[in-house]
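Have a look at the structure below before the remarks.
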2 protein chains.
Amino acid sequence: MTDPAPKGFEAHDHNSCVSAALAAADAACAARGLQFTPVRRRTLEILLESHEALGAYDVLARLNTEGLGSKPPVAYRALAFLVEQGFVHRIERLNAFVACAHPDQEHDPAFMICRGCGTVAEAQAVQGGLAVSAQTTGFQIEQTVIEAEGLCPTCQAPAA
Amino acid sequence: MTDPAPKGFEAHDHNSCVSAALAAADAACAARGLQFTPVRRRTLEILLESHEALGAYDVLARLNTEGLGSKPPVAYRALAFLVEQGFVHRIERLNAFVACAHPDQEHDPAFMICRGCGTVAEAQAVQGGLAVSAQTTGFQIEQTVIEAEGLCPTCQAPAA
DNA sequence: GGTTGATATGTTATACTATAACACTTCGTG
DNA sequence: CACGAAGTGTTATAGTATAACATATCAACC
Ligand SMILES: [Zn+2]
Ligand SMILES: [Zn+2]
Ligand SMILES: [Zn+2]
Ligand SMILES: [Zn+2]
């Protein structure tokens, strides 16, 4: 219960986002006996550079310029690892990936996607939209995709 | 406020699903001055055959065997039309399409996707998961994607 | 009835997203 | 040193989606 506020739209100390996420990933890999290899670490760092979602091929292009891999499976494997470990989330709506903004908390993510600037803010998912229906039908939820598209406060101004 | 119950998992008179959906589409097109052409109608009928999501190329294959088109744009255009008019929903998680189960109501859809049998049940979305976060950040929601993956009541039995 | 413009369809080509399969390396274990 | 597990490199291909242009259809207008 530390920081359930969505992160992405408001001005904030982004360096702390980066360092916190890298530290959390480091710690989690150590605790789970997993290798946080250069490709994996660099992939996470690339996604952490901004609160935007990047496609796998965008990430791959970056990796390529740095000599860390040039073929799709390299990027997809690194991204799959990061998603499995919860350091990165996949945005279904965009076929893209974004670094987790709450790496220190167990959570089901939910996202607000600004169609103006491309920023993706991560919020805590509240089991609202489907919990009741699942209850009444007996459906057993294993994973949820909750993504809203719209305009962030900044991008609403020009439209007004 | 007629029938907000999710439809898909429970046994039901599926013929009424089909005829209601086609009637609603007919009426809506007439009211909006849009053409409910053979390709569009047949595409909707194909999706209405079951409460499963079909990929665009699955639909295209069906259309092709019936002489209604064999190239991707034919299917994608028909699907785009049906989605725009609200007769069909896109399931982002599956890159697939499903006929609307509540064609007579204005609604933001939410879905329960059974990974066992592939059935997709449509429920009414309740603004739960993101409304609060959107409120506090000032994010203006235009569209929501709410999809849960899991096991339907029927498919839970074998696992037990 | 012929012209015109809007809408829909047919088709080619291509872009974007994702994974299967296999070769090679590295590293820790017995 | 043999061995197996995990990671990476690479080729090839599968799956999803759209741009662009050609053709057809049809209603409105003159
Ligand atoms: Zn930040
Ligand atoms: Zn924005
Ligand atoms: Zn619907
Ligand atoms: Zn099922």
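A, B, ... follow the sequence lines: proteins, then strands. Residue 1 opens every chain.
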Euclidean distance, atom [atom1] of residue [X] to atom [atom2] of [N] [Å, nearest integer]:
{"X": "B:Arg77", "N": "D:dT18", "atom1": "CZ", "atom2": "C1'", "result": "10 Å"}
{"X": "B:Gln85", "N": "C:dT7", "atom1": "CD", "atom2": "P", "result": "13 Å"}
{"X": "B:Asp58", "N": "D:dG15", "atom1": "CG", "atom2": "P", "result": "10 Å"}
{"X": "B:Phe36", "N": "C:dT7", "atom1": "CZ", "atom2": "P", "result": "19 Å"}
{"X": "A:Gln35", "N": "C:dT25", "atom1": "CD", "atom2": "P", "result": "18 Å"}
{"X": "B:Leu54", "N": "D:dG15", "atom1": "CG", "atom2": "P", "result": "15 Å"}
{"X": "A:Tyr76", "N": "C:dA20", "atom1": "OH", "atom2": "P", "result": "12 Å"}
{"X": "B:Lys71", "N": "D:dA17", "atom1": "NZ", "atom2": "P", "result": "19 Å"}

| message | How about CD on B:Glu66, more than 12 heavy atoms from neighbouring residues, nucleotides or ligands closer than 6.0 Å, or not? | response | yes

| Counting only distance, no hydrogens or angles, is the base of D:dG7 paired donor-acceptor with the side chain of A:Arg40 under 3.5 Å? |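 No, the side chain and the base share no sub-3.5 Å donor-acceptor pair.
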
| said: For C:dA15, does the base pair up with any side-chain atom of A:Tyr57 as donor and acceptor (N or O, under 3.5 Å, distance only)? | reply: no

Classify the nucleic acid contact of [X] as base, sugar-phosphate or nothing, counting any heavy atom under 4.0 Å across all strands shown.
{"X": "B:Leu68", "result": "sugar-phosphate"}
{"X": "B:Leu34", "result": "nothing"}
{"X": "A:Arg42", "result": "nothing"}

| said: Counting only side-chain nitrogens and oxygens, does B:Arg90 get under 4.0 Å of the OP1 or OP2 atom of D:dA17? | reply: yes

| request: Mind telling me whether A:Phe9 and B:Phe139 have parallel, tilted or perpendicular rings, with 30° and 60° as the class edges? | output: parallel

| field | Electrostatic pair B:Arg62:B:Glu49 at N-O distance under 4.0 angstrom | value | yes

| message | Minimum heavy-atom separation for A:Met112 and A:Ala123, please, with both atom names. | response |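 That would be CE-CB, 4.5 Å.
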
| query | Where the side chain of B:Pro73 is defined as all heavy atoms beyond and including C-beta, which of D:dT18, D:dG9, C:dT19 is the nearest nucleotide? | reply |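 Selected nucleotide (nearest to the side chain): D:dT18.
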
| task | Nearest-nucleotide wise, let me know which of B:Thr37 and A:Pro72 is further upstream toward the 5' end of DNA chain C. | result | B:Thr37

| query | Between the side chains of A:His89 and A:His107, is a donor N or O closer than 3.5 angstrom to an acceptor N or O? | reply |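 Present: a donor and an acceptor within the cut-off.
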
